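Reviewing the structure listed below.
Remember, predicted model here, so these are calculated numbers, not experimental data. Just follow the structure's listing: the first ligand is 1, and inside any ligand the first atom is 1.
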Amino acid sequence: MVMRSRVIGSGAYLPARVVTNAELSQRVETDDEWIRQRTGIRQRHIAAEGEFTSALGLKAAEAALGSAGVKADSLDLIVCATTTPDETFPATATRIQHKLGMRHGAAFDVQAVCSGFVYALAVADNFIRLGQAKRALVIGAETFSRILDWNDRTTCVLFGDGAGAVLLEGAPANGAASDRGVLSTHIYSDGEHHDALYVDGGPGSTRTTGVVHMEGREVFKHAVIKMAEAIDKALETNGLTPGDVDWMVPHQANLRIIEAMAKRLNLPMDQVIVTVDRHANTSAASIPLALNQGVTDGRIKQGDLLLLEAMGGGFTWGSALIRW
Ligand code: UT7
């Protein structure tokens, strides 16, 4: 017998303000056609002045707790994946913990940029498997708009703000691929590629936050290769094949990357949850936002096998298999 982390709730939150490609084309030299053809993005949500990552994360957390009918006082752990914390310290997770009225257990942040949600899921799943936590909230929350150079057309059109969360609960299981819950997580990093995707500032160097810089083509190439490897590893570990996957819930960076991954698995696009068109790339929030979309619109059902994959700055990358 093993302990599995079952997903018993999910939630998401998007800031009210929607910024279209047309609006961006008034600011930088770009156009709707270029953005849609190269990325699939039509619009993104942008947080309001004074609306911080913790506020977005809190709303997603409350929605996840509400969907499970669970109160915060029964949680043992909050792990928040974010690259855009409210402050350098304390962790955004502790802000969320406080606003949830929770004064026990532990809350901390995980930083793996766009792979952050897969990393945070891996951390929480391991706490649950070891019996150190029974219920854990895993949040991905970002105000990525705050670390963009809004005059740089090669990056500012790509990202958006938002938050998503899942609630995990430990449950005994057989250790088989038919179990409900997180079947596996695989996370990787390689600092060699720092310069392809980074922020040119930080508290320990410039005392500023800096802005995002990306060599898009380079990142694209690595994303396809590395995520494919992580997916193969996930399936192999569980003795599963691409044909067993019901839903791919990928990090939402670029529709062309998502399509390439689906094609490689021979998975039709109607088995892929796509939100990049409406949310753009919300970094650590993109997978839980997509997950929640698939759950609330009724596509993802109990017993379905979900394949999550992500890649981001570092480079970091990884995959997870979840039976819903
Ligand atoms: O979430 C973390 C992981 N991130 C990713 O996975 C992102 C991976 N990369 C990508 O998604 C794509 O590489 C981009 C969407 C960033 C760029 O697409 P691309 O097809 O690789 O375009 P490119 O960078 O090769 O640029 C093509 C052209 C360039 O002009 P020249 O040099 O061919 O004259 C760019 O200057 O498009 C130009 N360009 C733009 N034109 C209009 C770049 N950005 C824009 C823009 N509007 N916003």
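- Aromatic ring orientation, His193 versus Phe315: parallel (interplanar angle below 30°, classes split at 30° and 60°).
- Nearest to atom 43 (C) of ligand 1 among the protein's heavy atoms is Trp34 CZ2, 3.5 Å.
- In this structure, of Arg217, Met227, Lys221, Gln252, the residue bringing a heavy atom nearest to atom 24 (O) of ligand 1 is Arg217.
- Closer than 4.0 Å to atom 13 (O) of ligand 1 lies at least one heavy atom of the protein.
- Checked by distance only, ligand 1 and His251 come closer than 3.5 Å through their nitrogen or oxygen atoms.
- Within the 4.0 Å heavy-atom criterion, neither part of Val113 lies near ligand 1.
- Nearest protein heavy-atom contact of atom 47 (N) of ligand 1 is Thr30 OG1, 2.6 Å.
- Within 4.0 Å of atom 31 (P) of ligand 1, not a single protein heavy atom is present.
- Residue Cys114 places no N or O, backbone or side chain, under 3.5 Å from any N or O of ligand 1.
- Note that the CD atom of Glu142 and the SG atom of Cys114 stand 7.5 Å from one another [nearest 0.5 Å].
- Between Asn254 and ligand 1, at least one pair of N/O atoms sits closer than 3.5 Å.
- Residue contact check for ligand 1: Leu24 places no non-hydrogen atom closer than 4.0 Å to it.
- Taking each of Val224, Val219, Val276 in turn, the one with a heavy atom nearest to atom 4 (N) of ligand 1 proves to be Val219.
- Residue-environment remark: NZ (Lys99) exceeds the threshold of 12 foreign heavy atoms within 6.0 Å.
- Between His279 and His45, the angle of the ring planes goes over 60°, which puts this pair in the perpendicular group of the 30/60° scheme.
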